[in-house]
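Letters go in sequence order (proteins before strands), and every chain restarts at 1. Values below: all heavy atoms of this structure, side chains included; hydrogens, waters and symmetry mates excluded.
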Amino acid sequence: MVEMVYYYDGSFDGFLCCIFESYANKEILTAIYRDEDDIPTLFASRSISTDKSHANRVLRKVVKCSTCAAELLQKGFLTCLPEKELHLYHMVVKLLKEGPSFLRNVSDDTLHPVFAAVRHLHGEAHLLKGFVRFSELGGVLGSEIEPKNRVLPLLRSHFCTRYQGETFFIYDKTHKEALFYAAGRAVIRPLEDFQMAAPDETEAHYRVLWKRFYDTIAIKERENPRCRMTNMPKRYWNTMTEFQSEDYFKPQSSPAAGPALSAPDGISVPATPPAPGLSAPASSP
Amino acid sequence: MDVLEKLSILTDAAKYDAACTSSGGDRTAKKGYIGNTSASLAGCCHSFSADGRCVTLLKVLMTNCCVYDCKYCVNRRSNDTRRTAFTPEELADLTINFYRRNYIEGLFLSSGVLRSPDYTMELMIKSLRLLREKYRFNGYIHAKAIPGAAPELVEQLGLLADRLSVNIELPSESALKTLAPDKTKGAILAPMRQIQVRNQENKEELVKYRHAPKFAPAGQSTQLIVGATADTDFQILRLTQGLYDRYRLKRVFFSAYVPVVEHALLPAKNVKPPLLREHRLYQADWLLRFYKFRAEELLDESNPSFDTRVDPKCSWALAHLDFFPVEVNTADYETLLRVPGIGIVSARRILTARRVGPLHIDDLKKLGVVMKRAQYFLTASGRVADGLRFTPDSLLHNLIAVEQPLLPQQDMVQLSLFDSAG
Ligand code: SF4
């Protein structure tokens, strides 16, 4: 067995192929980097190309050993755990060598970092189920989030069930991808850039109403900024209606409004979900 | 008056109600309807207000007009305040538009008594019906039943709402007589009993006919005001326990009384709301509901108030040192739950993890045990944490130190530090 550094394309399948190749070549991985991260190494390295059938074989093997491990593998890949690939690789190696019993012991050294990261992912997704804010623009509900983990796959079924009759999208600014939903179909696609349009009269009206409700519901005698911050860390406030500055509440037509941005017209076609690589929601060049 | 102004007035008048949770609801999505309520213990907070409380529901009154004169209430008829009422259309429109933007999980509708309890309930029913039928709203609704309203109206309300509540507010009958002269114990308890009985019947109906209409499927709750009267923690906790036992309530909420009026029978306006008491009551309530504690284990006649310095579970442990240490590798679930620093989740994890092999002290933290508290009360494979030495005195001190930063409010910390020095 020789030690080796692998490079892959950043996709989940690509990562599974790293595991596949490490077994095929009898190599022990000391690091797994994404091509785009462009990290130079002094150690022996190999670039892995993605092969869907190899990826499937790895996943099937893991599912056969333990469905719980398979879930950790898939979800672990969505987390912001530093060197998540290496941690997940170690988990799979241990699983194939020793069987799944270590998965029941959360304090296990190989499992614990992955478990904690997945818990963080779930926690963030849970918070965002509440903190996501939609704006209505021409019949479409749109929102932006800035999560640390890639939460869209976890938010998908929640919002698709809740708003089954609506057309909506959620743009993840951090990972530059978006969840689109229309007419019963949902897709998650990369989206390089996106600017939310300014509100029309109706949208501005409900924003104002919500802000008023939010400001009124607090009991002055009980004010407690620390408690609010613990429950709702500041990093979420950026995309929440109740914490926006005055301009956010001014309708587009009002003279004081800033330069009007185009509405996300690409996805206002209700019948068809936006095609991959779409020009929709007004991606600015 | 425009909707914005109405919203301000009717939110301001509703904000003292503590209940704001969608938990216990399980309304799966329906075709052609908007919304669902997922059953999760934690519920779903959509925001947190400046006082640190979770904002889940659009919490408003139908109207703040009231023919009653409860002394502790901002809406009492003798109070000089601006009055207004939503129309059912305005309320339904607000709810649905807030819901679509994911501002809220649903509606919490309460009300002052306009003209009569029946008239008020009819207004509320009309709003909810509009929301459910015209707007096809399938999200969460919590509605307050107005004491004194006809049973048929309670029935109708229950068929539209997920949860019903009747607020008891004052923990004793004598307090009720002096502070809420228009209300009687009977008028409050009657709808509570009706809701409980109907809920039970409905469960049986649903077993027989899967499509039977649901009556308040998320059960009922109530609220008790803390600190407006001389009632002790023990009285309040025992009442709470009785409500869980006898009325099968899903939740009892506590609301620290915020003085809104000068009245000889009430605390003066400059008295701060007793937030620490409220906090301790919630902790104890949690122990009743999930940890199988009984009120009498935590407090009694000779010891009727919670310790301000440590939480009720620690307090119990300190009074029962002979129960400890607990060996985590052999103790059963109930025993594990008695250890301060071990919660429901970590107790379950311990049970699963120890099947793989014996647990050591170092494993416990990773299983979610709060060792800063738990270390004094447990052993793992017969061993305690490295270098752990303590006397009953230092134990109390250490536990107080752990508790301080966790208290919900800064001025409580000073208060309790002061107490512990004495
Ligand atoms: S009946 Fe309700 S709203 Fe009216 S005064 Fe009493 S507590 Fe206030």
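- Across A/Ile219, A/Asn105, A/Val106, the residue that shares the most heavy-atom pairs under 4.5 angstrom with chain B is A/Ile219.
- Side chain of B/Arg83 to backbone of B/Asn64: a donor-acceptor contact under 3.5 angstrom is found.
- Considering only residues two or more places apart in sequence or on other chains, A/Val92 meets the side-chain contact (heavy atoms from CB on, under 4.5 Å) condition with A/Ile19, A/Val62, A/Leu73, A/Leu96.
- For A/Phe159 and A/Phe134, the gap between ring centers is short of 6.0 Å.
- Ring geometry for A/Phe168 against A/Tyr163 counts as perpendicular: the plane angle is over 60°, on a 0 to 90° scale with 30° as the lower cut.
- For B/Ala14, no part lies near chain A; criterion is any non-hydrogen pair under 4.5 Å.
- With chain B as partner, the option from A/Phe131, A/Trp210, A/Phe115 having the largest number of non-hydrogen pairs under 4.5 angstrom is A/Trp210.
- Between A/Tyr181 and A/Phe169, the distance from one ring center to the other does not fall under 6.0 angstrom.
- For the set B/Ser49, B/Ala256, B/Pro273, B/Gly52, the count of heavy-atom pairs under 4.5 angstrom toward chain A peaks at B/Ser49.
- Residue B/Lys30 touches chain A through its backbone alone, counting heavy-atom pairs closer than 4.5 Å.
- Contacts with chain B (heavy atom to heavy atom, under 4.5 Å) involve these residues of residues 228-241 of chain A, listed by number: A/Arg228, A/Asn231, A/Met232, A/Met240, A/Thr241.
- A salt bridge links B/Arg100 to A/Glu136: one of the charged nitrogens lies within less than 4.0 Å of a carboxylate oxygen.
- For the pair A/Lys94 and A/Phe102, the cation-pi test (distance below 6.0 Å, angle within 45°) is passed.
- The side chain to side chain contact (heavy atoms under 4.5 Å, CB included) test with A/Phe213 singles out one residue from A/Asp215, A/Ile217, A/Thr216, and that residue is A/Ile217.
- Contact annotation for B/Leu7: only side-chain heavy atoms (C-beta onward) come within less than 4.5 Å of a heavy atom of chain A.
- With rounding to the nearest 0.5 Å, the separation of NZ in A/Lys75 from CG in A/Leu88 is 13.5 Å.
- Interface remark: of the candidates B/Thr352, B/Asn97, B/Val356, B/Asp12, B/Asn97 forms the most heavy-atom pairs closer than 4.5 Å to chain A.
- Ranked by non-hydrogen atom pairs under 4.5 Å with chain A, the options B/Ala353, B/Ser47, B/Gly139, B/Pro259 are led by B/Ser47.
- Contact annotation for B/Tyr33: only backbone heavy atoms (N, CA, C, O) come within less than 4.5 Å of a heavy atom of chain A.
- Residue A/Glu203 touches chain B through both its backbone and its side chain, counting heavy-atom pairs closer than 4.5 Å.
- No hydrogens or angles considered: nothing links the side chains of A/Ser245 and A/Asp247 as a donor-acceptor pair under 3.5 Å.
- No donor-acceptor contact under 3.5 angstrom links the side chains of B/His360 and B/Asp363, judged on distance only.
- Proximity to chain A involves both the backbone and the side chain of B/Tyr103, based on heavy atoms less than 4.5 angstrom apart.
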